[in-house]
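First up is the structure itself, then whatever we jot down about it.
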2 protein chains.
Amino acid sequence: MKCHQSVSVNELKAFRHGIAAYVNFNDEEWDAVIPFLSSSTIKKKDHFAVNGEVCEHIGFIVEGSVRFYHLKDGAEITGYFCFENEFVSAYKSYLTQQPGITYIQALEETQLVLISYHNMQLMLKHPLLGYKMERFGRLVAEHYLCCYEDRVTSFILQTPEERYLQMLETNGAVLLRIPQHYVANFLGITPVSLSRIRRRTLVHS
Amino acid sequence: MKCHQSVSVNELKAFRHGIAAYVNFNDEEWDAVIPFLSSSTIKKKDHFAVNGEVCEHIGFIVEGSVRFYHLKDGAEITGYFCFENEFVSAYKSYLTQQPGITYIQALEETQLVLISYHNMQLMLKHPLLGYKMERFGRLVAEHYLCCYEDRVTSFILQTPEERYLQMLETNGAVLLRIPQHYVANFLGITPVSLSRIRRRTLVHS
DNA sequence: TAAAACCCTTATCTTTTGTTAACGTTTAAT
DNA sequence: ATTAAACGTTAACAAAAGATAAGGGTTTTA
């Protein structure tokens, strides 16, 4: 993954708008933040994170999408997707700075604003930025904690068929963007099984 | 759940030690923290959180244990457990201050140190405590994010049998403390199915 | 201490999922 | 433009899980 230090005006705008959901920086603070950011464009099928390596960055997707997957018995098992205006990282690897087990791959050409772990630590200790960056990190972690909580609950409480039907209702748009066998993995089943579920839940109009 | 404002010396010590994994407060800061804490002892089978209500507190378990469960079609489905020196809350409900769908029930008499949402917000804005409390909240959220990430991965990547065998290796002690049908729910299967898995994976010595 | 509630196992039957392979279609690569 | 790779569906069979019920043991509790 190539990073160039300078972030375009357009990317900065998208990023500032995206993080406004968590914390607002005034202009002085924002000027201090900018030098800690970098930018990257990942080509389709290139990787943001790979098994066995420390995930160096957290990224904000300005444009594009990625999928998370693992290798099991030589096969790729897709576990998650991220799209525009979402943060992406192999969180456990990034947060612990230990080698991870997650691959993150661009589903299409994907434009990212990046914060390296090192720069994040600098901002967290920065006299002007530290307090707000702590808050920012807390709120982002809390947000994704809630997402994961829902996801775990869906595995505990719902059958694969119920998970699929709920996904149709709440995330129907994703199904149009993502190959179906990735969705099957995401639901915790095989592609063949998802195909059967689709057939038996079809509304014959 | 009864709360009394004063926290015993013993509880304070356990709590301070427990959060030291995340952040250290000096004595001046600690004296400022104490008034924001409260304490509660929950009897076996009493609830820390229930469906439809906002979860008001995050708790630190000094002694005892709890289980998380949901109601589905009138049946209780257990999704998680917490033990001594862990934080416990219906996180999504607590963090968003919206009514939750999670029941949290004491598995035995359980002694907790509590932080109400309101007091947490006061500490986050407190001139002396704010920065460290933001950091504390961030690190706790990050820690549980990593836990949830592992848990989701286990549902994506492993069969129920593999999840059980891994739990035997990494959490064998839990199995001795928790009724087996709760463990089955935790693994995403029925108690009958777990009983079968146990039989077919038995090492006949 | 007796009754009730709870817990785990086992058996039977049904449903669902996994596995493998084949087929036609679409998409991508050369 | 042609070939190759990828994708979704379907079929057939095996394996696993769900549902239900029964039996025996333990723990609660009244």
Side-chain angles (χ1 to χ4, degrees), chain A residues 43-46 65 67 69-79 81 103 105-109 154-168 172 174-204, chain B residues 43-46 65 67 69-70 72-79 81 105-109 154-168 172 174-204:
Chain A
K43 289 206 177 67
K44 182 171 180 173
K45 294 197 180 173
D46 278 357
S65 54
R67 74 176 176 118
Y69 70 92
H70 294 82
L71 281 185
K72 180 172 190 191
D73 306 328
E76 298 179 358
I77 307 291
T78 298
F81 313 101
Y103 295 86
Q105 182 188 51
L107 287 165
E108 56 198 310
E109 179 156 313
S154 78
F155 282 110
I156 292 295
L157 235 50
Q158 298 182 298
T159 64
E161 180 171 321
E162 289 169 333
R163 285 199 292 279
Y164 168 70
L165 291 174
Q166 180 178 302
M167 189 171 178
L168 261 189
V174 169
L175 298 175
L176 302 174
R177 262 180 96 166
I178 299 290
Q180 187 172 308
H181 64 289
Y182 291 164
V183 174
N185 293 160
F186 176 83
L187 295 170
I189 57 179
T190 61
V192 174
S193 190
L194 176 55
S195 188
R196 284 188 290 234
I197 288 172
R198 281 164 54 84
R199 178 162 44 135
R200 70 173 183 251
T201 61
L202 253 186
V203 181
H204 300 283
Chain B
K43 287 207 178 67
K44 182 172 179 172
K45 294 195 181 176
D46 278 357
S65 53
R67 73 174 176 119
Y69 70 92
H70 295 82
K72 180 173 192 191
D73 306 329
E76 299 180 358
I77 307 290
T78 298
F81 313 101
Q105 182 187 50
L107 287 165
E108 56 198 308
E109 178 155 314
S154 78
F155 282 111
I156 291 294
L157 235 50
Q158 297 182 299
T159 64
E161 181 171 320
E162 289 169 332
R163 285 199 291 279
Y164 169 69
L165 292 174
Q166 179 179 303
M167 190 172 178
L168 262 189
V174 170
L175 298 175
L176 302 174
R177 260 180 98 167
I178 299 290
Q180 188 172 307
H181 64 290
Y182 292 164
V183 174
N185 294 160
F186 176 82
L187 295 170
I189 57 179
T190 61
V192 175
S193 190
L194 176 56
S195 188
R196 283 189 290 234
I197 288 172
R198 281 164 54 84
R199 180 166 40 139
R200 71 175 183 249
T201 61
L202 254 186
V203 181
H204 300 285

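Residue numbers begin at 1 in each chain, while the letters A, B, ... track the order of the sequences.
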With rounding to the nearest 0.5 angstrom, report the [atom1] to [atom2] distance, [X] to [Y].
X: A:Phe81; Y: A:Ile178; atom1: CZ; atom2: CD1; value: 4.5 Å
X: A:Leu187; Y: A:Gln158; atom1: CG; atom2: CD; value: 10.0 Å
X: A:Leu194; Y: A:Arg199; atom1: CG; atom2: CZ; value: 12.0 Å
X: B:Arg198; Y: B:Leu165; atom1: CZ; atom2: CG; value: 11.0 Å

With respect to B:Leu168, which candidate in B:Val174, B:Thr201, B:Leu175 satisfies the side chain to side chain contact (heavy atoms under 4.5 Å, CB included) definition?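 In the set B:Val174, B:Thr201, B:Leu175, the residue that makes a side chain to side chain contact (heavy atoms under 4.5 Å, CB included) with B:Leu168 is B:Leu175.
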Would a distance-only check, ignoring hydrogens and angles, find a side-chain to backbone donor-acceptor pair under 3.5 Å from A:Gln105 to A:Lys45?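 Flag set: sc A:Gln105 to bb A:Lys45 pair under 3.5 Å.
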First encountered from the 5' end of DNA chain D, between B:Thr190 and A:Arg196: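 Nearest-nucleotide comparison on DNA chain D picks A:Arg196.
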Rounding to a whole Å, what distance do you find between [X]:[atom1] and [N]:[atom2]?
X: A:Lys43; N: C:dA28; atom1: NZ; atom2: P; answer: 17 Å
X: B:Ile178; N: C:dC6; atom1: CD1; atom2: C1'; answer: 16 Å
X: A:Asn185; N: C:dG18; atom1: CG; atom2: C1'; answer: 13 Å
X: B:Ile197; N: C:dT17; atom1: CD1; atom2: C1'; answer: 14 Å
X: A:Glu162; N: C:dT15; atom1: CD; atom2: C1'; answer: 14 Å
X: B:Lys44; N: C:dC6; atom1: NZ; atom2: C1'; answer: 11 Å
X: B:Leu176; N: C:dC8; atom1: CG; atom2: C1'; answer: 15 Å

Distance check: side-chain N/O of [X] vs OP1/OP2 of [N], anything under 4.0 Å?
X: B:Arg199; N: C:dA11; answer: yes
X: B:His181; N: C:dC6; answer: no
X: A:Ser193; N: C:dG18; answer: yes

Look at all strands and tell whether B:Ser195 reaches a base, only sugar-phosphate, or nothing, counting heavy atoms closer than 4.0 Å.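 Here B:Ser195 touches the bases of the nucleic acid.
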Which part of the nucleic acid, if any, lies within contact of B:Pro160, taking any heavy atom under 4.0 Å across all strands shown: a base, the sugar-phosphate backbone alone, or nothing?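 Here B:Pro160 touches the backbone only, sparing every base.
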When the ring planes of A:Tyr69 and A:Tyr103 are compared, do they come out parallel, tilted or perpendicular, using 30° and 60° as the limits?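 Plane angle under 30°, so parallel.
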Name the first nucleotide and the last nucleotide along DNA chain D (5' to 3') that come under 4.0 Å of a heavy atom in chain A.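 Taking any atom under 4.0 Å from a heavy atom of chain A, the span is D:dC7 to D:dA12.
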Return the 5'-most residue of the pair A:Lys45, A:Ile189 with respect to DNA chain C, ranking by each residue's nearest nucleotide.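 The residue mapped nearer the 5' terminus is A:Ile189.
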